[in-house]
2 protein chains.
Amino acid sequence: MKKIVVDIYGGDNGPEVVIDGALSVLAERKDIMMVFAGDKEIIAPIAQEKGADESRIEYLDTKTSITNHDDPREIFHGYEGTSLVLALEACKKDSTVIGMLSCGSTGAILLGSIFRMGLLPGITHPCLACSLPTIQNNGHVILLDCGARLDSTPEDLVDFAIFGNAYAEAAYGIKNPRVGLLNVGSEEGKGSILLKTAYPLIKALPINFCGNMEGNDLLMGNFDVCVTDGFAGNVMLKNAEAVALTTRGIALRMADKYSSVEAKSALKTFGTIVYTNFAYNDLGCSILVGPSKIVAKPHGKASEKTIVSSLHQLLNLADGNLIAKLSEHFKKKEGK
Amino acid sequence: MKKIVVDIYGGDNGPEVVIDGALSVLAERKDIMMVFAGDKEIIAPIAQEKGADESRIEYLDTKTSITNHDDPREIFHGYEGTSLVLALEACKKDSTVIGMLSCGSTGAILLGSIFRMGLLPGITHPCLACSLPTIQNNGHVILLDCGARLDSTPEDLVDFAIFGNAYAEAAYGIKNPRVGLLNVGSEEGKGSILLKTAYPLIKALPINFCGNMEGNDLLMGNFDVCVTDGFAGNVMLKNAEAVALTTRGIALRMADKYSSVEAKSALKTFGTIVYTNFAYNDLGCSILVGPSKIVAKPHGKASEKTIVSSLHQLLNLADGNLIAKLSEHFKKKEGK
C-alpha cells in the first residue's frame, strides 16, 4: 500500500486543517495510507471522531516542529526529531512512501529534501513547479522554477525543461509536451546571457522544445511547460494570481452595488470562474521536483480545501509515475 | 516653444495613426511644436486636411526608416538619414526639443539613445519605465526596468531606484515616493545574489526605500516604484496585462450569453473598468529613462489613442521636470 507522509505543522491555520484535509483524502482513496508527522495526541482523537480507517494511519509521533523563525540552513545537521525532519527521513528510508506534504518553511523543505531525503541521480538542484489552468483548451501549463533556485544557471534551465516535460506527461498524460523558454521576445537569439546560453542546450534535448515564449503567453494554452529562473517564476506567479483576484474583487464589489438580481448574479458567477482559474494558492500547491520522492508544498495560508487538492495533485503525479519518468529522462541525459 | 520629435515610422498600423495622434495633441496643447521625422509628402497633406496650425509643425523630411528586420546594432554607425536617426539627432542638437516618440524597434531606440543622442551625465545604461494604475488609492506604480537591461547588475538596480524616484516625483508630484525592490519575500536578506547585493546599496541612497516587495504587491498601491531587472519586469508586465485582459474576455463572452439587459450591462461595465486599469499597451507607453531627452516608446501595435496618451505622458513628465530631477539625483549620487 502506498504511503503519503503529512507534516501537520507549518501552516498558518494550525495543524487541524492539515489533518482534516488528509483524513478526507484518506477516506476517498482506499489504496493509500497516511503517515502523520506530528503529535499523535492531537491527530488520533480527530481521526477517531471522523471515523477514519485507523488501519491505514501511521504516526511519526513528535511535538516539535521547525518554525518560520528558525534558520532553514540548520536543517543540514539540526532539528532532529522535528515533524519535517521525520517526514523527510521517512521518504528516504521507507520504499513504500510515494511522497510527502508540508506547509512549512520553503527554505527548510528545500534544503531538507537535498540533505535529509536526497535527490534523484543526476539532479543537482530541485525546483518548485506549479501547474496553472490555461484559459484556452481547458489545459494546464507547468511553470517552473517558482522560487527554489533564484540564481538559476543555464544548466538549471535545462533540468527545469526536463522536469516540466516529465511533470506534464505524468500529471496530464500529454505526449511530447510543448516546452517553452520564457523570454522577452519570441525570436531565437533574444534575451539575457542566461537565456541565450540555455536556448541551444534545451534545443539539443530529446524533448519537444517549441522555442521562446513571452509573459503574455503563459496562460494562453500554446505551451504545456514554461521554463524560467526561480526569481522571474516566483514574481510572475504571485502577480498573475493577484491581478486575477483583483479583477474578481472589482466584480464582486460591483455586484454589491447593483440592485438588479441578474446583474448581481452575473458578476458573482464571473467571480467564481476567475477564482477557479486563478486562485493558485487556494486550489493547489507547488511541487518540489528533484527529490527522490514527490514533495507537495502548499502555501502557508492553506485551507482544508487546499490540503485536499494538494494531496490529489501529489497522488495524480504518483499515479502518472513522475519519479520513474524523471529517472528515465535523467538517465538519457547522463548517457548522452 | 517646446518641441517634440515624432518618428512616424515603426508602428504596425502605419504612419497615419502616429501622425493623427500627434496632430490631435498639437491641437490641444498650444505651447508645443511637433517635429515630424518622416516623409513630408505624407504628413503635410494630413496636417492641412485636419486644419493643423502649420506654424507649429516642422519636418525632418525623409522617406527611409529602420525596420524590425534591420539589425539594431548597426545604428552605432549606420542608418544615416532614417527617421529614427534624424529624431535622435534632433534631440541631441536642438535644445528646444524636450523629447521624442517612436513606435519602432526597441533595440534600435535603446542603442540609438546611447550612441546617437547621449545619456545624462553619470548614467551608464538607460531603462524602460512603465507607469501602471494601482488598484487602491487611484495611484500609480512605476515599474522598471521593463526590458532594456536584461542582464541587470546591482549598480543598475540602484540607478533604476533613482530613475523611478525621479519619475514618480515628476509625473505625479509625489514627495518621497515609496520605492520597493521586487523580491521573493518581504524580509531583508531574501533573494538572489543580485538582490542581496543591491539591497544595501539602494538602502544607502537618499530616497524613501521601503524594502522588499513581492509579485502580488505590484498593483496594490503600497509602493510608488517597483525596482527589478529587465527580464523579470518585462515578463511580469506582459503577464499582468494578459491576465487582466483575459478575465475581461471571460466577462465579455459571458455578457454575450446572458439575455438579461442588466446582466449584460454589468459585465460590460466591468470590462471597461478592467480595460482602463490594465490595458497598458493600448493606454500608454514605456518611457526610456537615461537619455538626455525623454523618449516615449509606445507598443508597435499602437493605435491613434495610444499615441495621444503616450504624448501626454511625455508632456506630463516634461512639465514635471523629469530631466532636471534626474540630473540633480545623479549629481547627488556622484557627489557622494
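The analysis underlying the following values was restricted to heavy atoms, covering all of them including side chains, and did not include hydrogens, waters or symmetry mates.
In this view, A/S260 and A/E262, A/A263, B/E262 satisfy the side-chain contact (heavy atoms from CB on, under 4.5 Å) rule, not counting sequence neighbours. Residues meeting the salt bridge (Lys or Arg N to Asp or Glu O under 4.0 Å) test with A/D224, sequence neighbours left out: A/R178.
Using a 4.5 Å cut-off between heavy atoms, B/M236 touches chain A through backbone and side chain atoms alike. Residue contact with chain A, scored on non-hydrogen atoms closer than 4.5 Å, is absent for B/N277. The parts of B/L182 that come within reach of chain A are both its backbone and its side chain, each placing non-hydrogen atoms under 4.5 angstrom from that chain. If you measure heavy-atom distances from B/F270 to chain A, the contacts under 4.5 Å come from both the backbone and the side chain. For A/T246, the part sitting under 4.5 Å from any heavy atom of chain B is the side chain, from C-beta outward, and nothing else.
Note on A/N183, A/L194, A/T228, A/L245: by heavy-atom pairs under 4.5 Å with chain B, the leading option is A/N183. The candidate from A/L237, A/L267, A/V274 with the greatest count of non-hydrogen atom pairs under 4.5 Å with chain B is A/L267. When each of A/V243, A/D229, A/T269, A/L195 is checked for heavy-atom pairs under 4.5 Å with chain B, A/V243 comes out on top. Contact count against chain B (heavy-atom pairs under 4.5 Å) is highest for A/A240 among A/S152, A/A240, A/G147. The choice from B/N239, B/I273, B/L150 that makes the most heavy-atom pairs within less than 4.5 Å of chain A is B/N239. In terms of non-hydrogen atom pairs under 4.5 Å with chain B, the most contact-rich of A/E187, A/M220, A/R248 is A/M220.
The closest donor-acceptor contact from the side chain of A/K238 to the backbone of B/D217 lies at 3.5 Å or more, if one exists at all. A distance-only check finds a donor-acceptor pair linking the side chain of A/D151 to the backbone of B/I193 [under 3.5 Å].
Among all heavy-atom pairs drawn from B/F231 and A/A232, the shortest one is CE2-CB, 3.6 Å.
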